[in-house]
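First the structure, in the form of structure tokens, and then the observations on it.
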Amino acid sequence: MLDLNIIRTQPERVRQNLLDRNDSADSLDSILALDVQRREILKENEALRALRNATSKEIGRMPDAAAREARKAEMREVGDRISQYEGELTRIEAELDRLTSTLPNLMDPRAPIGPDESANIVTRIEGEQKTFDFKPREHWDLGPALGLIDFERGVKLTGSRFYVLNGLGARLQRALIAFFLNLRQAQGYQEVYLPFLVKEQTLFAAGQLPKFRDNLYHDAEEDYWLVPTAEVPITNLHGGEILDAEALPRRYAAYTPCFRREKMSAGKDTRGIKRGHQFDKVEMYTFCAPENSEAEHQKMLADAEETLKRLGLTYRVKLLATGDTGFGARLTYDLEVWAPGCQEWLEVSSVSNVGDFQARRANVKFRRERGAKAELVHTLNGSGLALPRTMIAIMENYQRADGSIIIPEPLRAFVGADVIEARG
RNA sequence: GGAAAGGUGGCCGAGUGGUUUAAGGCAACGGUCUUGAAAACCGUCGUGGGGCUCGUCCUCACCGUGAGUUCGAAUCUCACCCUUUCCGCCA
């Protein structure tokens, strides 16, 4: 959520931001008009309420019954007018909320300006794209061949874009989760285990609702929503709280499955396990003071990169353009890992500084010192990492000519094997 | 799922229609006293919105949430949510 005061005082900045994001700026003028209306009515309504409060007190002290009744009649009329104004206010505020809650965050000026992903900038490539003396196979070929991935049975159980992991396939994923969480802990993130079902307000605070309703799974019976990322529950861990300055930064790491309807990317990446309706992820999340969010952003990016380095995977860092940056983010780096089988750079992490955007929606504040005014914190989130695509990268990068896959050293203890052997 | 009790500021807790401007206490913070500390005493001590004369200012809202009754609601009515205890069920 943007600060209404910024919308009011710097409307042109907000308008330009919407245009840079390749978003519509149509609602802006309505918002400004509603804001003026709201304050006019509020002012008059408050004057009436003040009058009624004062008069009601008088009535309580009046000894004369007739005079009392006359005053009551007057106040009945005032009450009617208050009701009218409040009906108006309710209507205006609902509309104002509806419109402002769909405005995206203001971009960091360092983000390249451009309408879509074509304007993203690759800032670095770390490592060499591996070469093979045979033609590397794609994971959708290798996985079933080694008995790691079973696409048919996933479809049988649920439908398209669901799959089953078997044996060492399942074990490899579990190993990655344990490896990630241990690394996060060493990097200063506290592990949390969270509900995978949340209520509507939790999704609103994280910025998923109302705008991205179509991409979420919802249980109508209980009015619960399946989390699309751990970012959603973590954002609300401190919802409505005022944190002590000494408690910041607060860094969390959580493993959760993520559920996405993928309505917005229907038809894209249907092959393999790159884009399912359910996938696992370890997420990093930080609450900090505003002046520290840039440093925390760099730390989180470095922490995510460290994961890929330890796994010996080649990756590149992208700075996302205005038109490709997520709704709540001010600045986002994507990490993309090289998959030599399908010959693609796969996004395994997205590391964003969200500023006070989610903190305002979730009402998370901190106090610099006793007696100081509570201020909104900044929040940051980053994948650390998405599991299926990391699995793809490992399978495709560590495959050998005979069809077997070497397990990267840091995972061996967790998997309990050094190699996934080809089947006879 | 059933029954009962409950939900008031950071915490405890009073408040059943108007002297409440949410009492009182605890904790915290500032001060006086003290060689220092404790004690005692004095003071400060919620969030959000709006206004202008921008202040140690005025005003509105908020006592789980939402409606309702009333000139006036923390207080009365209705619905819902949550917590605790007991019962049932269950990994």
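Heavy atoms only: backbone and side chains are in, while hydrogens, waters and symmetry mates are out. Numbers restart at 1 for each chain; the letters A, B, ... are given by sequence-line order, proteins then strands.
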Name the nucleic acid region contacted by A/Arg68, choosing base, sugar-phosphate or nothing; use a 4.0 angstrom heavy-atom cut-off, strictly under.
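Contact class for A/Arg68: none.
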
Check every strand shown and say whether A/Arg8 touches a base, only sugar-phosphate, or nothing at a heavy-atom separation below 4.0 Å.
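Here A/Arg8 touches the backbone only, sparing every base.
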
For atom [atom1] of [X] and atom [atom2] of [N], their distance in whole Å:
{"X": "A/Arg367", "N": "B/C29", "atom1": "CZ", "atom2": "P", "value": "14 Å"}
{"X": "A/Lys57", "N": "B/U20", "atom1": "NZ", "atom2": "P", "value": "11 Å"}
{"X": "A/Lys199", "N": "B/C82", "atom1": "NZ", "atom2": "C1'", "value": "9 Å"}
{"X": "A/Glu86", "N": "B/A61", "atom1": "CD", "atom2": "P", "value": "9 Å"}
{"X": "A/Ile82", "N": "B/U59", "atom1": "CD1", "atom2": "P", "value": "16 Å"}
{"X": "A/Glu74", "N": "B/G72", "atom1": "CD", "atom2": "P", "value": "13 Å"}
{"X": "A/Arg76", "N": "B/U70", "atom1": "CZ", "atom2": "C1'", "value": "9 Å"}
{"X": "A/Asp97", "N": "B/G48", "atom1": "CG", "atom2": "P", "value": "17 Å"}

For the pair A/His297 and A/Tyr333, name the ring-plane relationship: parallel under 30°, tilted 30 to 60°, perpendicular over 60°.
tilted

Return the orientation label for the A/Tyr252 and A/His238 ring planes: parallel under 30°, perpendicular over 60°, tilted otherwise.
tilted

Integer angstrom distance from the [atom1] of [N] to that of [M]:
{"N": "B/U19", "M": "B/U34", "atom1": "C1'", "value": "42 Å"}
{"N": "B/A22", "M": "B/C62", "atom1": "P", "value": "12 Å"}
{"N": "B/U77", "M": "B/C82", "atom1": "P", "value": "22 Å"}
{"N": "B/C78", "M": "B/C60", "atom1": "C1'", "value": "27 Å"}
{"N": "B/U84", "M": "B/A27", "atom1": "P", "value": "28 Å"}
{"N": "B/A5", "M": "B/C90", "atom1": "C1'", "value": "26 Å"}
{"N": "B/A4", "M": "B/U20", "atom1": "P", "value": "36 Å"}
{"N": "B/A74", "M": "B/G66", "atom1": "P", "value": "13 Å"}

If you only use heavy atoms from C-beta on, which nucleotide in [options] is closest to the side chain of [X]?
{"X": "A/Glu46", "options": "B/A61, B/G18, B/G49", "value": "B/G49"}
{"X": "A/Lys365", "options": "B/C71, B/G51, B/U47", "value": "B/U47"}
{"X": "A/Ile59", "options": "B/G50, B/U59, B/G18", "value": "B/G18"}
{"X": "A/Arg52", "options": "B/G49, B/C60, B/G72", "value": "B/G72"}

Modelled atom types, side-chain donor and acceptor of A/Gln358 and A/Tyr285, under 3.5 Å
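Per modelled atom types, A/Gln358 and A/Tyr285 side chains form a pair under 3.5 Å.
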
Looking only at side-chain N and O atoms, does A/Gln84 offer a donor or acceptor that is under 3.5 Å from a partner on A/Asp80?
no

Phosphate oxygens OP1/OP2 of [N]: is one of them under 4.0 Å from a side-chain N or O of [X]?
{"X": "A/Arg61", "N": "B/C71", "answer": "no"}
{"X": "A/Arg39", "N": "B/G51", "answer": "yes"}
{"X": "A/Arg49", "N": "B/A61", "answer": "yes"}
{"X": "A/Lys373", "N": "B/G48", "answer": "yes"}

Can you tell me the base-pairing partner of [N]? Count Watson-Crick or G-U wobble geometry only, both distances below 3.5 Å, and say none if there is no partner.
{"N": "B/A5", "value": "B/U83"}
{"N": "B/G68", "value": "B/C76"}
{"N": "B/A61", "value": "B/U47"}
{"N": "B/C52", "value": "B/G55"}

In this structure, are over 12 heavy atoms from other groups packed under 6.0 Å from A/Gln185 atom CD?
no

Assign each of A/Glu58 and A/Asn53 to its nearest nucleotide of RNA chain B by heavy atoms, then name whichever residue's nucleotide is nearer the 5' end.
A/Glu58

Return the 5'-most residue of the pair A/Lys43, A/Ala73 with respect to RNA chain B, ranking by each residue's nearest nucleotide.
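Of the two residues, A/Lys43 wins.
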
With A/His139 as reference, evaluate A/Glu396, A/Gln399, A/Arg271 under the side-chain hydrogen bond (donor to acceptor under 3.5 Å, both in side chains) test and give the passing residue.
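Passing option: A/Glu396.
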
Given side chains that start at C-beta, do those of A/Asp223 and A/His218 come closer than 4.5 Å, heavy atoms only?
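Yes, at least one pair of side-chain atoms sits under 4.5 Å.
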
